[in-house]
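Report on the following structure.
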Amino acid sequence: MDNIIKTNNNVDMLLLMGGKSKRMGEPKAYLDFFGSTFYEKITKTLSHCGDIYLSLDKIENTPKNCKYNIVLDEYNNIGVIGAIYSGLKKIKNEYMFVCACDIPYINEQYISTLISFITKDTNGIFVIDYLGRIEPTASIYSKKMLPIIEEMITSGDLKIINIIDKMDIKMVPYEKLGINQFVLQNINTKEEYKKYIVDRNLNKNN
């Protein structure tokens, strides 16, 4: 590929932590993950890939001893699109990898390989998972998307993946990233937590 950006220094990392975690019943970011937390595991991974920004709905929700940049939602209660908009306005670089706080198995290989698809004319990159679904919270956004996202918010179109109908976004099947499909596993409910974390830990220790 021509004009590939070869260093992760051009991409900032946005960790989404402003969700309500209604289905889980408690903040997913602080769930136990093999002795650490989702937050600790994901930020450790992201720290190897770029500067970290934490997306929060309220400043009082800042994690203890936080050493990362804080991004507060400019628009309240509009979901992921608002966090991405606020993040793009705050970051220093042109590009931003967005990561949900409920995908603790995300790894450096996934992020760095996805970044390798960036060229000078890239507006954004969405990953397509093994079920054919777009993964908007494990994908790459650019500041070039800001005007379109602002128009979407103003018009009430709050589903971020609808941006693919409004500008050219690269679509990358997860197979091209050389990863196991498990890397993108979201943990949204207590049942999923038991299946993908607790039981997996028990099997690991037996």
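Quick note: numbers below take in every heavy atom, side chains included, and nothing from hydrogens, waters or symmetry partners.
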Let me know which of I106, T137, T43, I111 forms a side-chain contact (heavy atoms from CB on, under 4.5 Å) with C99.
I106

Look up atom [atom1] in [X] and atom [atom2] in [Y], then write down how far apart they are to the nearest 0.5 Å.
{"X": "S139", "Y": "I161", "atom1": "OG", "atom2": "CD1", "answer": "10.5 Å"}
{"X": "I148", "Y": "K166", "atom1": "CD1", "atom2": "NZ", "answer": "8.0 Å"}
{"X": "C101", "Y": "L15", "atom1": "SG", "atom2": "CG", "answer": "6.0 Å"}
{"X": "Y110", "Y": "C49", "atom1": "OH", "atom2": "SG", "answer": "12.0 Å"}
{"X": "C66", "Y": "M17", "atom1": "SG", "atom2": "CE", "answer": "8.0 Å"}
{"X": "I153", "Y": "I78", "atom1": "CD1", "atom2": "CD1", "answer": "4.0 Å"}

Between N93 and N10, is there a side-chain donor-acceptor contact under 3.5 Å, judged purely by atom types and distance?
no

State whether a side-chain donor-acceptor pair under 3.5 Å links K28 with N188.
yes

Between [X] (side chain only) and [Y] (backbone N and O only), is there a donor and an acceptor less than 3.5 Å apart?
{"X": "T122", "Y": "G124", "result": "no"}
{"X": "D73", "Y": "N76", "result": "no"}
{"X": "D57", "Y": "L72", "result": "no"}
{"X": "T62", "Y": "I59", "result": "yes"}
{"X": "D51", "Y": "M13", "result": "no"}
{"X": "K90", "Y": "I70", "result": "yes"}
{"X": "D129", "Y": "G132", "result": "yes"}

Could you label the plane-to-plane angle of the Y130 and Y174 rings as parallel, tilted or perpendicular, counting under 30° as parallel and over 60° as perpendicular?
perpendicular

Return the orientation label for the Y196 and F182 ring planes: parallel under 30°, perpendicular over 60°, tilted otherwise.
tilted

Derivation of the side-chain contact (heavy atoms from CB on, under 4.5 Å) call for Y39 and Y30
CA-CA 6 Å; Y39 164 72; Y30 302 112; 4.3 Å; yes

Can you find a heavy atom in the side chain of [X] that is under 4.5 Å from one in the side chain of [Y]?
{"X": "L114", "Y": "V127", "result": "yes"}
{"X": "N123", "Y": "K170", "result": "no"}
{"X": "Y53", "Y": "V98", "result": "no"}
{"X": "S36", "Y": "K44", "result": "no"}
{"X": "I179", "Y": "Y105", "result": "no"}
{"X": "M171", "Y": "I134", "result": "yes"}
{"X": "F117", "Y": "L177", "result": "yes"}
{"X": "M145", "Y": "I163", "result": "yes"}

Evaluate Y95 against I118 for side-chain contact (heavy atoms from CB on, under 4.5 Å), listing each step before the verdict.
CA-CA 9 Å; Y95 293 96; I118 298 176; 3.6 Å; yes

For residues F126 and Y141, establish whether the separation of their ring centroids is below 6.0 Å.
yes

Between [X] and [Y], what is the shortest heavy-atom contact and its length?
{"X": "N69", "Y": "I52", "answer": "ND2-O, 3.1 Å"}
{"X": "E108", "Y": "H48", "answer": "OE2-CD2, 3.2 Å"}
{"X": "F34", "Y": "I197", "answer": "CE2-O, 3.8 Å"}
{"X": "L14", "Y": "I84", "answer": "CD2-CA, 4.4 Å"}
{"X": "I103", "Y": "A138", "answer": "CD1-CB, 4.0 Å"}

Look at atom NZ of K143 and say whether more than 12 heavy atoms of other residues, nucleotides or ligands are closer to it than 6.0 Å.
yes

Can you list everything that forms a side-chain hydrogen bond (donor to acceptor under 3.5 Å, both in side chains) with D121? Sequence neighbours excluded, please.
T119

Residues that T45 engages under side-chain hydrogen bond (donor to acceptor under 3.5 Å, both in side chains), provided they are two or more places apart:
K41

Chi angles and distances behind the side-chain contact (heavy atoms from CB on, under 4.5 Å) call for D12, K92:
CA-CA 8 Å; D12 290 321; K92 296 179 180 178; 4.3 Å; yes

Residue pairs fulfilling side-chain hydrogen bond (donor to acceptor under 3.5 Å, both in side chains) with at least one residue in residues 147-158, sequence neighbours excluded
Y85-E150, D157-N162

Is there a side-chain contact (heavy atoms from CB on, under 4.5 Å) between L88 and M96 once you walk through the steps?
CA-CA 7 Å; L88 285 172; M96 176 177 80; 3.6 Å; yes

